[in-house]
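Below is a structure I'd like to ask you about.
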Amino acid sequence: MSAPPSLRARLAGGAPLLATFNLLPSPEVVELIALAGFDLVIIDLEHGPHDLADLRRALTAAAGHGLPTLVRVRTAAAAEIGAVLDLGASGVLVPHVESAAAAAAVVRAARFSPEGERGANPWVRAAGYGTREGWFAAANAEVAVLVMVEGPGALAELGEIVALPGLDGIFLGPMDLSHALGVPGRHDHPTVVDALRGALRLAGDSGVAAGLFAPEPGAARAWWQLGARLVAVGVDAGLIRAALTATVTAARAAEGHAVTSPSVPPRPRAVR
Ligand code: 3PY
Ligand code: MG
């Protein structure tokens, strides 16, 4: 059986992708995200408290379900990018990249020579601890590299960013953009939405994939239709909280509901 296409390949073509953010350092939550049917999970080290051991557990849980993983690192440091890729992330997402030069440095950190300068060690988990033939070339071919466009510098240099060789995609952050554009917290303000639409157009013209965060699921289809290849809807913590709150609300509102059947099934008869 041939291996499924890499996240990098799926970003380059095929059906639009649906993700959500994993903020809670829990492999069980990653499994629930896989079982729910998302195409990939974005494991969020920028806003989540995961350490590298938590990340390894999350990656193992995802791999058990064939769920691709994009890891949002905390910083653009080459050592951090290398560490999450060595652990086995399908791709790396770097927040707050504010220039074409910074984006080029991200690509260098994520790709082995001759395409970049990623620290080379073939005995890491991602390389099957030394068992993966042709590891360096395979990693260069498969790893997805995305930078976040969420500040004024990135918007100003977007044309150069999307033209960078080796960069697979940009990912737009409406929350940070709302702050950068003077309407803090208003991710759906027309100024923010115009910036998002303009960035999607530019990425589409350049052929690089574009993704973005959408707090609400209802917006996903519209963003796909506007050219987004990847929409990340919601954050696990918020989705779980909303489901718990809805359950409490529904239970408290359910006064007068007639209980017509026992909720506990009868005990089976003992077999002799
Ligand atoms: C943003 O909207 O700024 C993000 O980083 C999404 O997580
Ligand atoms: Mg952000």
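Atoms within each ligand, like the ligands themselves, are counted from 1 in listed order. Owing to the predicted nature of the structure, the values given are computational and were not obtained by experimental measurement.
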Under the 3.5 angstrom rule, does the side chain of Ser178 hit a backbone N or O of His187 as a donor-acceptor pair?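 Side chain of Ser178 to backbone of His187, a donor-acceptor pair under 3.5 Å: no, none is there.
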If you take all heavy atoms of Arg118 and Gly82, which pair is closest and at what distance?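 Closest approach of Arg118 to Gly82, heavy atoms only: NH2-O, 4.5 Å.
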Would you please determine whether Phe21 falls within less than 4.0 Å of ligand 1 on a heavy-atom basis?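 True for this residue.
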For ligand 1, indicate whether the residue Met148 contacts it via side chain, backbone, both or neither (heavy-atom separation under 4.0 Å).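 Answer for Met148: side chain.
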Within the 4.5 Å heavy-atom criterion, are Leu196 and Pro174 side-chain neighbours or not?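 They are in side-chain contact.
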Considering only the protein, which heavy-atom contact is closest to atom 2 (O) of ligand 1, and what is its distance? Met175 N, 2.7 Å
N, O or S atom within Asp176 nearest to the Mg ion (ligand 2), by name: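 Of all N, O or S atoms in Asp176, the Mg ion (ligand 2) lies closest to OD2.
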Under 6.0 Å between ring centres: does that hold for Phe213 and Phe21?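 Yes.
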Note: Arg125-Asp86 ion pair, threshold 4.0 Å (strictly below): no
Ion pair present between Arg8 and Glu142, side-chain N to carboxylate O less than 4.0 angstrom?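 Judged by the 4.0 Å cut-off on N to carboxylate O distance, Arg8 and Glu142 do not form a salt bridge.
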Option of least heavy-atom distance to atom 3 (O) of ligand 1 (set: Val149, Leu212, Leu177, Asp176): Asp176
Could you identify the single nearest non-hydrogen protein atom to atom 1 (C) of ligand 1 and state the distance to 0.1 Å?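 Its nearest protein heavy-atom neighbour is Gly173 CA, 3.3 Å.
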Going by the atom numbers of ligand 1, which of them fall below 4.0 Å from some non-hydrogen atom of Pro174? 1 (C), 2 (O)
NE2 on His50 to CG on Leu45, rounded to 0.5 Å: 6.0 Å
Give yes if a backbone or side-chain nitrogen or oxygen of Glu46 is under 3.5 Å from a nitrogen or oxygen of ligand 1, and no if not.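 No - when backbone and side-chain N and O of Glu46 are compared with those of ligand 1, no distance drops under 3.5 Å.
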Under 4.0 Å from any heavy atom of Glu150, which atoms of ligand 1 are there? 1 (C), 3 (O), 4 (C), 5 (O)
For Phe213, counting its heavy atoms only, list the atoms of ligand 1 lying under 4.0 Å from any of them.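 Every atom of ligand 1 under 4.0 Å from some heavy atom of Phe213: 2 (O), 6 (C).
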Any N/O/S of Glu46 under 2.8 Å from the Mg ion (ligand 2)? no
Tell me, which N, O or S atom in Glu150 is closest to the Mg ion (ligand 2)? OE1
Taking every non-hydrogen atom, the tightest pair across Ala83 and Leu52: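 That closest heavy-atom pairing would be CB-CD1, 4.4 Å.
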Identify, for atom 4 (C) of ligand 1, the protein heavy atom at the shortest distance, and state residue, atom and that distance.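 Of the protein heavy atoms, Arg72 NH1, 3.7 Å lies nearest.
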Rounded distance (nearest 0.5 Å) linking atom OG1 of Thr20 with atom CG of Leu40: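 It is 9.5 Å, given to the nearest 0.5 Å.
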